[in-house]
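Each chain gets a letter, A, B and so on, in the order its sequence line appears, and its residues count up from 1.
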Amino acid sequence: MYFSRENFMKLPKTYEPSQYEPGIYALWETSGSFKPSGQGEPYSIIMPPPNANGNLHVGHSLMAVLEDILVRFYRMKGRDTIYIPGADHAGFETWVVYERELQKQGKSRFDFSREQLYSQVWNFVDEQRGNMELQLRALGASASWNNLVFTLDEKVVNTAYATFKKLWDEGLIYRGERIVNYCTTHQTSFADIEVEHKNEKAKLYKIAYPTLDKIDEIVVATTRPETMLGDTAVAVNPNDERYKHLVGTRVQLPLVDREIPIVADDYVDAEYGTGAVKITPAHDPNDFEIGKRHNLGELQVIDFDGKMINVPPQYMGLTPEEARKKVLAALDAQELLRGETDIEHAVGHCYKCGSVIQPLVKDQWFISMRPLADAATEAIERGDVRFVPESKKKAVLQYYAGIHDWNLSRQIPWGIPIPAFQNTTDPSDWIFDDRVDQEQIEVNGKTYTREEDTFDTWFSSGQWPFITTDYLSTGELAKYYPINVMETGADILYQWVARMIMLGLKVTGQVPFKEVYLHGLVLDEHGQKMSKSKGNVINPMEAVSEFGSDALRMGLVAARSAGQNQAFSTSKVVAGRNFCNKLWNIARFVEDKLGDSYRMQPPMPESLADHWIARELSQASANIEQLLADYRFAEAAETVYHTVWSSVADWYVEASKKQDNHDMLAWVLDSVLRMAHPFAPFVTETIWQTLPWYEEGSLLIRENWPQPATFDELAAAEFERLQLFISEVRFVTSELPGNHKHEVQYHSDSLLADNAELIQHLARLKAVLYTEQPSGLRLAVSGREAWLAIDQKTLYEHQTNLEVRLSEAKQRQRTLTGRLDNESYIAKAPAELVEATKKEAEEVQQLIERLENELTVIGS
RNA sequence: GGGCGAUUAGCUCAUUUGGCUAGAGCGCUUCAUUGACGUUGAAGAGGUGAGAGGUUCGAAUCCUCUAUUGCCCACCA
C-alpha cells in the first residue's frame with residue numbers, strides 16, 4: 001500500500017515521487033475533486049488550449065503550473081473554483097504537419113475535397129490525441145476534465161458562425177479584393193501579425209523607362225525588378241519639379257510591349273531613390289492603393305504557387321528570384337540599368353517555413369477592426385482589465401491604435417468553414433448560411449456556391465472565454481464568465497489576448513476576463529531560446545520522471561517574474577526535489593513522535609518555540625495569500641520553501657526534540673502541508689494520506705487554507721532572542737580553535753535558565769550551567785549575562801576576532817552618527833525612521849562598550 | 001524607423017509607492033556526522049547594483065546621456 005498509515009518510519013527515508021504521483025492524481029480525479037464545489041464565490045481559469053496532437057513543452061508546463069497554483073489556492077480558500085481545460089486543433093500548425101504526410105504519400109491537397117481532407121486530418125489528430133492531456137495530469141493540473149473543450153467542438157463552430165453573422169449584420173464583415181500576405185509554399189494567406197519581418201540586405205536597382213519618343217526617360221528605383229513586368233504606371237510626387245512635365249504622359253515599359261502612364265501621387269517621397277516609383281498594384285500594398293486611386297487596374301505576374309504568369313514566354317513559370325536575374329540581364333543588355341545601391345529593408349517571411357511572403361491580390365473576408373479596437377481601448381482605459389505585468393497594457397493599447405482590418409480567410413481545409421455562399425449569377429451577392437456541408441444551396445430561387453476558405457483559428461480562439469463557459473446559452477458554467485484571470489504567454493498578447501478582449505466586448509458586452517497574467521518564455525539554461533534545431537529543448541516529462549512533478553513545479557516557478565523571458569534552471573528543480581524530501585522527513589519525524597493512535601487536539605502553545613512557530617506560520621500564510629493576489633509566484637513559493645525548511649525544520653522541529661508539544665507538532669505539520677499544497681500538490685497529498693488524525697478518504701486538495709493560530713507576541717519575541725543568542729554561540733564557537741564542545745555559564749538570566757537544555761541542544765554545547773562567578777568570554781553581541789567557558793589561552797587567541805567585531809561595530813556607529821548629525825535627515829526623514837536610527841545607535845554603543853570591556857579583560 | 005525590456009554575488013534570478021547592514025537557489029570555503037532528512041546540519045566568504053551625470057536628508061529604485069544585449073511592432077519603393 002502506498003498510503004499506509006502504519007508507522008511512517010518504515011517508509012523510505014527519501015521521497016520517491018514516481019511511486020506516488022500517478023496514484024495520487026487518480027485519487028483526486030476519481031473523487032471528483034476537480035469539479036467545482038458549487039459553493040462560494042465563483043473563481044475561474046481557462047487553460048489556453050495546447051495543441052491536441054502534440055506534446056507538452058516546458059512553456060506549457062509553466063503555464064499549467066502557474067494556473068494550477070492559483071486554482072488550488074483559491075479552491076482551498078473556499079471559492080467555487082473551476083479550471084477549464086482545452087485542446088487546440090491548431091489549424092495551420094497541424095495542417096503543415098499533415099500536408100507533409102500527404103507529400104510523403106505523393107499526394108497533394110488538390111486530390112481531395114474539403115470534407116475528405118477535414119476527416120483525414122481529424123483521424124490523424126485523433127490517433128495522437130490524449131498525450132498532452134496525460135502530460136498535464138502528470139504536472140498535477142487540477143483541471144475539470146469533463147468540461148474540456150476542443151477547438152472544433154460543435155459549440156465552438158456554432159458560436160463562430162453566430163459571431164460571424166452578428167458582425168456581418170452589423171456591417172463589420174466585408175469581403176474584398178485586397179493585397180494579402182500570402183505564403184506560396186503553404187498556399188494560404190495570413191493576418192498581418194502572423195508575418196515575421198526580418199531586416200535584410202538588398203539592392204535598390206535604378207531602371208530607366210524610356211518615353212514614347214525615346215528622347216527622354218524616367219528612372220525608377222526598386223528592390224524587386226521582376227515585378228516591373230506587372231507595372232501599370234509610374235508615380236511621382238505632384239510637387240516634384242523634375243518630373244512635373246512628364247505627369248500625364250506615357251512611357252514605354254521595357255521588356256514587355258506596353259505603354260504605361262505617369263501619375264502624380266502624394267504617397268511618393270521625392271527624396272527617396274529617384275523620386276519616381278514603379279507601380280505594381282497586384283504585388284505591393286502601397287501600389288495597390290495608388291492603383292485604386294488612379295484606376296490603373298491590376299496585372300498579376302506572380303501566381304499563388306509562386307511562379308511567374310502573364311509575362312513574356314521567357315519568364316513564364318519562373319520563380320520570382322529566377323525572373324529577377326533574367327530581367328536584370330535583359331535590362332542590362334538594353335542598357336536600361338542606371339545603377340544599384342545597397343540597402344537594408346524589412347522583408348516579410350512565413351513564420352512557419354521562412355518563405356518570403358508574397359503580397360498578392362485575393363478576395364478575402366475581413367473584419368473592420370476600428371470599432372472593436374476602440375471599444376476595447378475604452379474598456380482597458382476604464383480599468384476593466386488589469387494587466388500583469390502592467391507594461392503589457394500599453395503594448396495592447398498601441399496595438400489597438402494602429403490596428404488593420406483582420407483577414408479572416410485561410411486556404412486551409414483543417415478549420416472551421418466560413419459560412420458564406422456566393423450567388424452563381426451575381427458574384428457580388430454573398431449571403432450568410434451555415435449549411436457549409438453543401439457545395440451549393442438554393443435560396444429564394446437563386447443558386448449559391450459555398451466559400452471554400454476556413455476561418456483563421458484565432459477567430460474562434462478569440463471567443464474562447466464565453467464559448468467554454470457556455471455564457472451565450474446560459475449553461476451551467478455561465479456564472480464563471482467573465483473569467484477571473486487569463487493566464488497565458490506574453491508572446492500571444494496580440495494574436496489572442498487583444499482579440500479576446502475585442503470579441504468578448506462585442507459579443508457579450510463585457511470584458512472576457514478581469515485580469516491578465518502574462519508569462520515569458522522559458523529559455524534554456526544559458527538564456528537562449530529553445531529550438532529543436534539548436535537541440536537545447538528541455539522535455540518537461542523527462543524532468544518529471546527524474547525529479548518529480550512537484551520539483552519541476554517549484555523549479556519552474558522560482559526566480560521568475562511576469563512577462564520576462566527567463567532561463568530554465570535545473571539547480572532550482574533540484575532544490576525543489578530536496579524541498580519535497582524535506583517535507584517528507586518532517587512528516588516522518590512528526591508522525592513517529594505522535595504515534596499511529598494520535599488524534600488531533602486544538603493546539604495550545606506552551607513553550608516559546610510554540611508561540612514563535614504559531615506566529616511564523618500565521619504570517620507566512622497571510623504573506624502567501626497576498627503574494628498570490630499580486631501574482632508574485634516566485635516569492636510565494638520562496639516563502640513556502642523557507643517556512644518549511646528554516647522555521648519548521650531547522651528551528652521548530654529541532655526545538656521540539658527538547659520541548660515537545662504533540663498538538664502543536666501535529667498542527668504545524670498539518671498547516672504546512674496545506675500551505676505547500678498549491679505549489680507541491682503531490683508530496684503534500686501523499687503525506688496527508690498518512691496522517692493518522694484524519695479519516696480514510698480525507699483529501700488535502702479539498703481542505704481549507706490554514707487558519708491563523710493564537711499565540712503570545714511577547715513569547716514569540718522571547719524565542720527570537722533565544723535564537724539570537726544561539727546564533728552567537730554557534731558563531732563564536734565556530735571561530736574558536738579545536739573541535740570540542742564548549743560550556744556556557746550564565747549568571748542572572750532567566751531566559752537561559754528556563755531553556756538551558758534547549759540551548760545546549762541547538763547550540764551543540766557540552767552544558768549550559770548556572771554559575772555564581774562565570775568566567776571566560778562574555779557573549780557580548782546578544783548582550784546576555786552569559787559566558788563561554790574558555791581558558792585564558794583560548795581567550796587570547798580569540799582576541800583578533802573580537803577586534804574585528806569591534807571595528808565592524810564602530811564602522812556601523814560612524815554611519816549611524818553621520819546620519820543623526822545630519823540636520824536635514826532629522827528634519828525631513830520620517831520620525832519613526834529617525835527613531836529607529838537612534839535606537840540602533842544606542843544598541844551599537846552598548847555593544848561597543850561590551851566588546852571593549854572584553855578586550856580589556858583579555859589584556860589584563 | 002518606432003516601441004518595450006534587460007544589465008544586481010561565480011551561475012540563474014529576486015528586491016512595488018526612494019528608507020533597516022541589497023536577498024534567494026545552486027556553486028564555493030570551513031566544520032559536524034550515524035535514529036526525520038547527506039536530496040543533511042552549523043558557520044562563513046563573495047556585490048563600488050553596466051558606465052557617467054543629475055534630483056534628494058537618502059538612489060539598485062526617479063530623471064538625462066552612453067554602452068552592451070534581448071524582444072516586439074513597422075507597406076517608404
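The pairing partner recorded for B:G10 is B:C26, the criterion being a Watson-Crick or G-U wobble arrangement whose two distances lie under 3.5 angstrom.
Residue contacts for A:Ala763: at a heavy-atom cut-off of 4.0 Å it reaches no nucleic acid atom on any strand shown. Among the atoms of the strands shown, base atoms are found under 4.0 Å from some heavy atom of A:Ala346. When heavy atoms are screened at a 4.0 angstrom cut-off, A:Asn565 is found touching no nucleic acid atom at all. Among the protein residues, A:Val268 comes within range of the nucleic acid bases, having at least one heavy atom under 4.0 Å from a base atom. As judged by a 4.0 angstrom heavy-atom cut-off over every strand, A:Pro359 is placed among residues making no nucleic acid contact. A:Arg819 comes within 4.0 angstrom of the backbone, heavy atoms only, and of no base.
Nearest nucleotide to the side chain of A:Lys394, out of B:C72, B:G3, B:U16: B:G3. Closest to the side chain of A:Asn199, out of B:A77, B:A36, B:A74, is B:A74. Closest approach to the A:Tyr494 side chain among B:A43, B:C72, B:A36 is made by B:C72 (side chain taken as heavy atoms from C-beta onward). Minimum atom distance to the side chain of A:Arg764 is reached by B:G41, of the listed B:G41, B:U39, B:C76. Comparing B:G19, B:C76, B:A6 by their closest approach to the side chain of A:Gln564 singles out B:A6. Nearest to the side chain of A:Ser391, among B:G44, B:A42, B:C4, sits B:C4. Closest contact between the side chain of A:Ala567 and the listed nucleotides B:G19, B:U12, B:C37 involves B:U12. Of the candidates B:A43, B:U39, B:A36, the closest approach to any side-chain atom of A:Arg730 belongs to B:A43. In this structure, of B:G3, B:A43, B:A42, it is B:A43 that holds the atom nearest to the side chain of A:Phe731. Taking the side chain of A:Glu654 as heavy atoms from C-beta on, and the options B:A74, B:C37, B:C13, the nearest nucleotide is B:C37.
Put simply, A:Lys13 has a side-chain N or O that comes within less than 4.0 Å of OP1 or OP2 on B:C37. A close approach under 4.0 Å does not occur between any side-chain nitrogen or oxygen of A:Lys741 and OP1 or OP2 of B:C31. At B:G5, none of the side-chain N or O atoms of A:Lys392 fall inside 4.0 Å of OP1 or OP2 (strictly under the cut-off). Regarding contacts with the backbone of B:G58, every side-chain N or O of A:Tyr825 stays at 4.0 angstrom or more from both OP1 and OP2. A sub-4.0 Å separation between OP1 or OP2 of B:A77 and a side-chain N or O of A:His345 is present.
Taking the ring axis of A:Tyr641 as reference, the NZ or CZ atom of A:Lys582 does not stay both within 45° of it and closer than 6.0 Å to the ring centre.
Comparing B:A77 with B:U61, their P atoms sit 40 Å apart, to the nearest whole Å. For the C1' atom pair drawn from B:A50 and B:A9, the interatomic distance equals 15 Å after rounding to whole Å.
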For nucleotides 23-28 of chain B, which of its nitrogen or oxygen atoms have a protein nitrogen or oxygen under 3.5 Å away, and what is each distance?
| unit_1 | atom_1 | unit_2 | atom_2 | d |
| --- | --- | --- | --- | --- |
| B:A24 | O3' | A:His642 | NE2 | 3.2 |

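Projected onto RNA chain B by closest heavy-atom contact, A:Trp651 and A:Asp630 fall at different nucleotides, the more 5' of which corresponds to A:Asp630. Along RNA chain B, the nucleotide nearest to A:Ser727 and the one nearest to A:Ala270 differ in position, and the one closer to the 5' end is contacted by A:Ser727.
Ring geometry for A:Trp584 versus A:Tyr15: interplanar angle of 30 to 60°, hence tilted.
Under the 3.5 Å distance criterion, the side-chain polar atoms of A:Glu728 are matched with a main-chain donor or acceptor of A:Val781. Proximity of a side-chain donor or acceptor of A:Asn237 to a complementary backbone N or O of A:Gly275 within less than 3.5 Å is not detected.
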